[in-house]
Amino acid sequence: MDISRRAFVKATAVALASAAAAGSLASMTGCAGGGSGSTGAASGGEGQKHTAVCRFCGCGCGVICEVKDGKLVSVTGDPENLSNKGLNCVKGYYLGKILYGDDRLTKPLIREDKATKGTDEGLREATWDEALELVSAKLKETWKADKTRLAFWLSGQQPITEGYACAKFIKAGLLSNNVDPNARLCMASAVVGFMNVFQTDEPAGCYADLDNADVFVTWGANMAEAHPMLYSRLTARKLSGKNVKHYDLGTLRTRTSVSADTVMLFKPNTDLAIANCIANYLVQNKKYDEAFVNDHLQFKQGTENIGNATDDGYDASDVGKTVDAVSPITFEEYAARLAPYTFEYTSELSGVPAEDLKALALEFADPDKNIMSLWTMGVNQHNRGTWMNHNIYNIHLLSGKIARPGCGPFSLTGQPTACGTAREVGTFSHRLPADLLVANAQHRRYTEAIWDLPEGYLDAIQKPGMHTVKIFREMSKGNLDFLWTAHNNWAQSMPNLTRFLGQGDKKGIFDTFIVVNEVYPTLSTQYADVVLPVAMWVEREGQFGNAERRTAVFEKAVDPPGEAKWDLWAFMEVAHRVLDGEQIDGKDAFDHLFGFVYDKGAHDFKNDGRETNRLLWEEYRIFSNPDMNERAKAVNDDADGKFEAKLKMEAKQLAPYEKYLAHHGMTWPVRNVDGKWLETHWRFADGKQADGFDEVGVAKYGKQGQANNLSFYKSANMKPSVVFRPYEPPAEEPDGEYPFYFCTGRLLEHWHTGTMTRRVPELDRALPEALLNIHPNDASKLGVKDGDLVHVKSRFGEFDIKASTAGRTEPQEGIVFAPFFAEETLVNLAVQDTYCPLSKEPDYKKTCVSITKVEG
Ligand SMILES: Nc1nc2c(c(=O)[nH]1)N[C@H]1C(S)=C(S)[C@@H](COP(=O)(O)OP(=O)(O)OC[C@H]3O[C@@H](n4cnc5c(=O)[nH]c(N)nc54)[C@H](O)[C@@H]3O)O[C@H]1N2
Ligand SMILES: Nc1nc2c(c(=O)[nH]1)N[C@H]1C(S)=C(S)[C@@H](COP(=O)(O)OP(=O)(O)OC[C@H]3O[C@@H](n4cnc5c(=O)[nH]c(N)nc54)[C@H](O)[C@@H]3O)O[C@H]1N2
Ligand code: SF4
Ligand SMILES: [Mo]
């Protein structure tokens with residue numbers, strides 16, 4: 001087996017004349033409309049065209065794939081997809097090339113000797129049959145012996161129907177909740193924030209807000225690198241609108257800061273205080289929207305001084321068990337809690353000048369200003385990530401700046417379908433499809449009805465399973481026998497890799513039977529016992545759901561190489577084998593759960609990929625359209641009225657599969673009005689009271705006095721919660737031994753662990769290596785010059801990296817930054833796995849480290 005996996009890591013110094021490297025606002029984003037990325041073959045525009053969606057970031061840009069002679073020859077922006085209207089960034093244009101790296105996996109691989117784990121050696125080619133039999137036997141053995149010792153780790157990059165089928169197989173077939181997605185590392189704090197505030201996980205705004213805002217506030221979101229298409233809409237609005245302002249808050253100066261009128265660099269975690277300071281100003285000066293507050297809000301406080309989830313015992317500790325608790329308070333009590341957050345105190349704590357804090361507070365105090373807040377990992381990957389989501393909602397709710405065009409808190413999603421799959425179909429350890437929870441008996445009854453399971457069947461999974469960090473911590477301790485991962489690269493992306501890959505106790509990873517579905521050799525395949533080679537992106541049909549609730553289908557355009565197969569097929573083949581001989585309600589278990597996509601008894605799907613996808617979609621769609629199914633309707637219409645599904649489920653309605661193809665994507669809820677399927681742009685706004693729907697994007701929005709048009713249909717008493725959340729410090733603070741904060745993140749050209757983008761020569765050349773960005777004063781104190789190799793060490797682990805004072809991000813003194821795309825510079829060996837106790841999302845942004853120059 002010849003895996004030339006290192007070949008692609010070769011660094012050349014040639015920089016791509018990528019827009020990313022240019023200075024001007026318009027070109028800085030790397031965005032352009034109508035351009036095309038040729039994949040090498042001639043692109044004359046005469047090939048076969050297929051509609052698709054970019055498989056990288058949560059912007060969810062529509063693209064058109066052009067195919068000639070069975071090869072993807074060009075990718076261009078899709079003008080008919082309303083999320084991007086033809087715009088793409090540089091990664092979008094080179095999308096086609098990600099399919100054609102030299103070392104695509106084309107045959108199943110099996111490891112004979114566990115001792116070779118963690119090396120390039122030891123995997124041999126196998127037939128699909130042999131690999132599937134082995135995986136099935138190991139899964140079944142673990143399942144029968146002790147099903148707490150198996151786990152699945154899935155992804156916000158896994159297409160919707162594939163995630164839905166996996167959730168059904170694991171939750172109903174295996175009766176296990178040990179499944180979690182990589183979205184736990186990413187959107188979990190946002191999700192818990194949504195649920196706590198609105199009791200529903202749904203972004204209220206849409207991308208059109210970017211074209212209508214008067215003020216943009218980026219709260220530690222580097223949109224220029226991470227959401228380039230949306231950033232180009234932000235800068236376009238700033239250049240064309242009158243007096244449009246941008247406040248960029250963060251711990252680093254980034255490419256996003258370039259367009260800002262005011263850059264507010266704060267000390268890590270003091271964003272909590274900054275938001276409270278704005279709320280305090282609004283409250284003390286009676287500058288909040290009184291009608292909105294009286295009609296629509298309730299006030300609460302929660303458990304405080306919650307410590308840090310650094311150790312295993314945290315969740316079971318006294319404070320760990322109560323972190324979710326909240327209790328009602330009056331508006332006056334809320335005001336009193338805010339009172340300490342004066343401009344002076346907050347300025348001293350955060351390092352942000354008081355006049356900048358006041359300027360931002362005055363924007364929120366102005367009833368005529370439309371303000372859009374945008375945030376991503378700076379807020380979510382935070383030891384108080386859920387709290388920080390609250391604090392942003394708090395100021396938007398107090399000022400009534402929500403649910404109208406150009407105005408609202410907008411939680412940006414990172415991955416292409418973290419919303420659509422991980423959050424919507426329920427691949428989290430505590431969820432069922434469509435916002436439903438395993439712990440809620442009514443939710444289980446409803447799910448049982450749709451899946452035709454006997455009443456009470458899902459009571460076996462009422463306890464949430466292991467969340468992501470726990471899965472890997474348990475593996476490191478030898479408590480996991482079987483792990484199957486797909487659409488992620490955990491051996492590079494998980495925090496505190498040292499715990500299970502490095503100098504830590506390696507026992508667990510050697511003893512766990514690990515299956516990895518992959519398209520290229522990665523660090524994770526180095527630890528796999530079986531590697532299943534899979535079809536990538538448009539080598540099969542799939543669906544993504546982006547940050548503005550837009551669901552879109554990407555069509556199959558080309559065949560997968562060699563023996564690579566659809567992930568879904570592999571999962572179902574194993575499900576078939578593992579459930580063989582099992583019964584549900586006296587019927588064959590596999591047939592009962594998945595027979596509808598198969599010809600009876602056959603191992604091949606009923607029809608082509610389109611029909612399999614459509615059948616799975618139509619079943620998933622019942623969750624939000626209960627009238628489609630008698631049993632679901634009966635539970636929904638429950639006579640004792642305990643389950644208010646009718647209102648709550650329909651409010652997330654989805655359309656029939658073919659509508660998404662015809663419309664190049666639609667934003668949910670998609671409502672049938674007089675026989676036409678219409679999408680919804682703003683949530684909670686202008687709806688008929690209590691029916692949960694907007695007027696389908698028709699604007700009738702006043703800037704004030706809008707209170708009567710709002711419907712927070714799922715919130716308790718129809719009122720979202722303002723929860724007071726104080727400032728509490730980061731999990732670790734710099735000291736003599738570890739004097740720097742280490743922040744990690746992303747840069748434009750590369751996607752996460754670099755497995756795809758580093759195989760595109762143009763992107764690889766543009767950003768060939770990961771560097772540690774450091775403030776010039778810190779560098780000179782350490783005697784470090786640009787290009788010097790330094791040793792970075794934390795309480796968790798260590799690695800070497802070259803230092804640079806001239807990087808694209810410019811940290812404040814005392815903070816250093818590095819991206820995590822380079823496997824040869826494995827920064828996550830040193831990143832803490834302390835997580836937000838409410839969301840269990842790790843804080844990748846502020847591990848304390850020491851830095852020393854490597855001599856010689
Ligand atoms: N090019 C590219 N784009 C991507 C991705 C990619 O891999 N490559 N990945 C996608 C995914 S999955 C995600 S999740 C997004 C991530 O998108 P972002 O979150 O925008 O990017 P990061 O680089 O992870 O985070 C850097 C930011 O964290 C902020 N920060 C650090 N500490 C704090 C703090 O204490 N408080 C606050 N408020 N902010 C802080 C910094 O100021 C900085 O702005 O990008 C998506 N887009
Ligand atoms: N230091 C640090 N680490 C971080 C973060 C950070 O800010 N700092 N951010 C975290 C966040 S927000 C995220 S979202 C995670 C992302 O972490 P991961 O999801 O683990 O990383 P990716 O590189 O996106 O892994 C996706 C893998 O899927 C493979 N792939 C591509 N197409 C297919 C397919 O069709 N099927 C299958 N089975 N595989 C396919 C790719 O080759 C790639 O190896 O990283 C987290 N890790
Ligand atoms: S990476 Fe994001 S911004 Fe760039 S084309 Fe893809 S979806 Fe659009
Ligand atoms: Mo993410």
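Order of listing sets the numbers, starting from 1, for every ligand and every atom in it.
Across Thr757, Val519, Thr847, heavy-atom proximity to atom 40 (C) of ligand 2 is greatest for Val519. Distances from atom 8 (N) of ligand 2 to the heavy atoms of Leu826, Thr744, Val831 show the closest one on Thr744. Taking only non-hydrogen atoms, the option from His752, Met377, Arg746 nearest to atom 9 (N) of ligand 2 is Arg746.
Distance from atom 47 (N) of ligand 1 to its nearest protein heavy atom, with residue and atom name: Ala226 O, 2.6 Å.
By the 4.0 Å heavy-atom criterion, Thr256 is excluded from the residues contacting ligand 1. Proximity of Phe266 to ligand 1 is established by a heavy-atom distance of less than 4.0 Å. Put simply, part of Lys845 is less than 4.0 Å from ligand 2, judged by heavy atoms. No heavy atom of Gln381 sits closer than 4.0 Å to any atom of ligand 1. Between Gln158 and ligand 2 there is no heavy-atom distance shorter than 4.0 Å. For Pro842, the heavy-atom gap to ligand 2 stays at 4.0 angstrom or more. Using a non-hydrogen distance threshold of 4.0 Å, Met494 does not register as a contact of ligand 2.
A distance-only check finds no donor-acceptor pair linking the side chain of Ser155 to the backbone of Asn488 [under 3.5 Å].
Residue Arg540 approaches ligand 2 through these ligand atoms, each under 4.0 Å from one of its heavy atoms: 35 (O). Atoms of ligand 2 lying under 4.0 Å from at least one heavy atom of Asn489, given by number and element, are 18 (P), 20 (O), 21 (O), 25 (O), 44 (O). Within the listing of ligand 2, atoms 37 (C), 38 (N), 39 (N) sit less than 4.0 angstrom from a heavy atom of Asn517. Close approach of ligand 2 to Thr522 (heavy-atom distance below 4.0 Å) involves ligand atoms 44 (O). Each of the atoms 31 (C), 32 (N) of ligand 2 lies under 4.0 Å from some heavy atom of Arg55. The distance from ligand 2 to the heavy atoms of Val534 drops below 4.0 Å at these ligand atoms: 36 (N), 37 (C), 38 (N). Atoms of ligand 2 found under 4.0 Å from any heavy atom of Asn488 (numbered from 1 in listed order, with element): 18 (P), 19 (O), 20 (O), 25 (O), 26 (C), 27 (C), 28 (O). Heavy-atom contacts of Thr753 reach the following atoms of ligand 2: 21 (O), 22 (P), 23 (O) (cutoff under 4.0 Å).
Geometrically, ligand 1 and Gly378 share a nitrogen or oxygen pair separated by less than 3.5 Å. Of the polar atoms of Thr251, at least one N or O is found under 3.5 Å from an N or O of ligand 1, judged by distance alone. Ligand 1 has no N or O atom lying under 3.5 Å from any N or O atom of Cys57, backbone or side chain. By the 3.5 Å distance cut-off applied to N or O atoms, Lys91 is counted among the residues near ligand 1. Of the polar atoms of Tyr520, none of the N or O atoms is found under 3.5 Å from an N or O of ligand 2, judged by distance alone.
Applying the side chain to side chain donor-acceptor pair (under 3.5 Å) test between His246 and each of Thr218, Thr256, Thr235 identifies Thr218 as the sole match.
Not one N/O/S atom of Cys57, from backbone or side chain, sits under 2.8 Å from atom 8 (Fe) of ligand 3. At a threshold of 2.8 Å, atom 2 (Fe) of ligand 3 has no backbone or side-chain N, O or S atom of His227 nearer than that distance.
Closest approach of Asp248 to Ala260, counting heavy atoms only: CB-CB, 3.6 Å.
The backbone and the side chain of Met229 each have at least one atom closer than 4.0 Å to an atom of ligand 3 (non-hydrogen atoms only).
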